[in-house]
Peer 1: 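This structure is in structure tokens; I'll ask about it shortly.
In this text, all values refer to a predicted model and were calculated from it rather than measured experimentally. Whatever order the structure lists them in is the order used to number ligands and atoms, beginning at 1.
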Amino acid sequence: MQVIFKSMTLVNFKSHRDITVNFGEQTDITGDNAEGKSTVCEIPSYVFYGTDALGSKLDPTPITYEADETKVSLLLEIDGKELMLGRSLKKNKTTYYVNDVPSKAGEFNEVVEKLFDKDLFLSLYNPNYFPSMHWEKQRSMLLQYVPSPVNKDVLKHMPDEQSKCLSALLKKHSLEDIKKIHAENKTSMDKKYIAAQSRTKTLREQLDQIAPTVALDSLKVEEGQLLKQIKEIEKITDSAWDTNQKINTLNTRIRSMLSEREQMKEDFQRLKDEEIQGSCRVCKQPLKDESLESAEMEKQDRIKKFKENYNAQVIQRKELEEELSKLEYIDVSEQIEKVRELERQRDPLLQEIRNHGQYEQLNNQVNQAQADENETLQSLNESIFILDSVKAFKAKEAELQGEKVQALFETLSVRLFEEQKNGDLKNTFEIELDKKPYRKLSTAEGIRAGLELRDVLSQQSDLITPVFVDNAESITSFKQPVGQLIVSRVVAGQKLKIEGVDAE
Ligand SMILES: Nc1ncnc2c1ncn2[C@@H]1O[C@H](COP(=O)(O)OP(=O)(O)OP(=O)(O)O)[C@@H](O)[C@H]1O
Ligand SMILES: [Mg+2]
């Protein structure tokens, strides 16, 4: 889209009582200081936005003379179509005009907004406007025309390993999320790794303390031999135990039978001395003769039975005594002492064998701890690698985007990123000419830089507008900008002169 200024009228606008400006392809404004050159420059922005050319609110009411009404109008040609915009200010009340038709503020603003973006127009019209904006605004305005490179392009320019790793991760998460995930994992793995290392170390120290000195096999052989000897001896002591036990049992039984015999003797005496009672033991009736006789018989019978019993007991005892006389007590105290001695030798071996088991168990724990440690380290290293890759990605993305932006400029360089102390990139925006930032440039350098910038913006946005170069007497030469050029120059002793010049 091309915006052309055709003509402009101003009545009672600051020092100007009534002038008409006819613009050409180039419009030269000349005159001595304070002739009102810069004021002319403010009209278009005032008509559109009620501001000066830097976007600050403007009150053009004359202060050096009495005036009823301030009135300005600007005739534009936009892509071949004419549009007349105007404003008048009377007693602090603004009236708007679109093609001479009085309009409400809202209607008027809508017409203007539809034409072009305010920041863009002011940037193109006034070469000083763009650098006066906040750097973030400048950056986003320029970058809206230079989209950041797509992930695929960035990955293509990265080392193979990093590229492969990130492209897989980018299928699931955004770069920022990848960074968050692995920054968190790195922090927790850092801690976990330190803990895992110390656990492995502690367990290893414990393991060293119980390291067996003799091999398990030879311990088992030695212990086995001792056990075999013990078993041999125990065979002897066990059988001796049987015999000795038998002797003890026989002795005990014989002793008890002897005391039983003493008891029997006493009992027998009592039985013999027993008198037959004259009455029934049960019913207490005096016994008859035949009954007495049978009682006597019964007593004799009992005596007989008792004797039989007694003799049987004696026979049995004699048999036991006979059996005992054949047995001989075996003394195994020597063997028992030997077994004790062997057990004494075997105990430390058994302890050593058990120690082998504990060692084995602890060794497993050490191996598990070492595996945990390795796994943690691997996860930690992986996150470090990914975080480095993210950083490399961002750096490459910035580099590619920087190159794209830089390619738009001829003499200026543009810095979009700044490396922080931690190596991360931070957004920034700096326009430089020969490594000097814009704000350090001389007046003429500043005008040239501003013109190059607005030309880039004009090309990128496809919007052509007039550009105003104020105080051009301070600059020897500059490149013809894109669009109509309005130039003001101080000429000593000269009244204000405005001349539109068209190419022949
Ligand atoms: N509201 C106003 N009413 C009347 N005069 C004003 C008003 N505001 C500014 N002026 C005066 O208008 C005159 C023209 O100012 P302007 O800045 O346009 O001059 P200039 O030609 O650009 O001067 P220079 O060569 O110094 O840049 C100045 O004397 C200024 O003080
Ligand atoms: Mg001036």
Peer 1: Are any non-hydrogen side-chain atoms of R454 and Y125 less than 4.5 angstrom apart?
Peer 2: no
Peer 1: In terms of the angle between their ring planes, are F121 and Y49 parallel, tilted or perpendicular, with boundaries placed at 30° and 60°?
Peer 2: tilted
Peer 1: Any Lys/Arg nitrogen of D153 or K404 sitting under 4.0 Å from an Asp/Glu carboxylate oxygen of the other?
Peer 2: no
Peer 1: At a 4.0 Å threshold, what atoms of ligand 1 neighbour a non-hydrogen atom of T39?
Peer 2: 15 (O), 16 (P), 18 (O)
Peer 1: Find all atoms of ligand 1 within a distance of less than 4.0 Å from any non-hydrogen atom belonging to P62, and give their numbers and elements.
Peer 2: 3 (N)
Peer 1: For atom 2 (C) of ligand 1, find the nearest protein heavy atom and state the residue, atom name and distance (0.1 Å precision).
Peer 2: I63 CG1, 3.4 Å
Peer 1: Any N or O on Y65 sitting closer than 3.5 Å to an N or O of ligand 1?
Peer 2: no
Peer 1: Does E176 pair with K180 as a salt bridge, N-O distance under 4.0 Å?
Peer 2: no
Peer 1: Check for me whether G31 has a heavy atom closer than 4.0 Å to any atom of ligand 1.
Peer 2: no
Peer 1: Would you find a donor on one side and an acceptor on the other, under 3.5 Å apart, between the side chain of S383 and the backbone of L380?
Peer 2: no
Peer 1: What are the atoms of ligand 1, with element, lying closer than 4.0 Å to any heavy atom of E35?
Peer 2: 19 (O), 21 (O)
Peer 1: Quick test: of every protein heavy atom, which one is nearest to atom 9 (C) of ligand 1, and how far off is it to 0.1 Å?
Peer 2: K14 CD, 4.0 Å
Peer 1: Using a plain distance cutoff, I'd like to know if G36 has any nitrogen or oxygen under 3.5 Å from a nitrogen or oxygen of ligand 1.
Peer 2: yes
Peer 1: Cation over ring, K71 on Y97, under 6.0 Å and within 45°?
Peer 2: yes
Peer 1: If the cut-off is 4.0 Å to any non-hydrogen atom of N33, which atoms of ligand 1 fall inside it?
Peer 2: 23 (O), 24 (P), 25 (O), 26 (O)
Peer 1: Using the side-chain hydrogen bond (donor to acceptor under 3.5 Å, both in side chains) definition, which of the options T39, T27, D470, N471 pairs with S488?
Peer 2: D470
Peer 1: Using the rule side-chain hydrogen bond (donor to acceptor under 3.5 Å, both in side chains), only one of Q494, R489, E499 pairs with T30; which is it?
Peer 2: Q494
Peer 1: Is the backbone of V146 close enough, under 3.5 Å, to the side chain of Q460 for a donor and an acceptor to pair up by distance?
Peer 2: no
Peer 1: Which bit of T61 gets closer than 4.0 Å to ligand 1, counting heavy atoms only: side chain, backbone, both or neither?
Peer 2: backbone
Peer 1: What protein heavy atom is closest to atom 11 (C) of ligand 1, reported as residue, atom name and distance in Å?
Peer 2: S15 CB, 4.2 Å
Peer 1: Out of R439, Q138, R139, which residue meets the side-chain hydrogen bond (donor to acceptor under 3.5 Å, both in side chains) rule with E430?
Peer 2: R439
Peer 1: Check whether any protein heavy atom sits under 4.0 Å from atom 16 (P) of ligand 1.
Peer 2: yes
Peer 1: Tell me, which protein residue and heavy-atom name are nearest atom 29 (O) of ligand 1, and how many Å apart are they?
Peer 2: A34 CB, 3.5 Å
Peer 1: Does K37 reach ligand 1 with a nitrogen or oxygen that is under 3.5 Å from one of the ligand's nitrogen or oxygen atoms?
Peer 2: yes
Peer 1: Between E341 and K338, is the closest basic N to carboxylate O distance under 4.0 Å?
Peer 2: no
Peer 1: For the Mg ion (ligand 2), decide whether S488 has an N, O or S atom at a distance under 2.8 Å.
Peer 2: no
Peer 1: Got a protein heavy atom sitting under 4.0 Å from atom 31 (O) of ligand 1?
Peer 2: no
Peer 1: Can you name the atoms of ligand 1, numbered from 1 with element, that are less than 4.0 Å from a heavy atom of V490?
Peer 2: 25 (O)
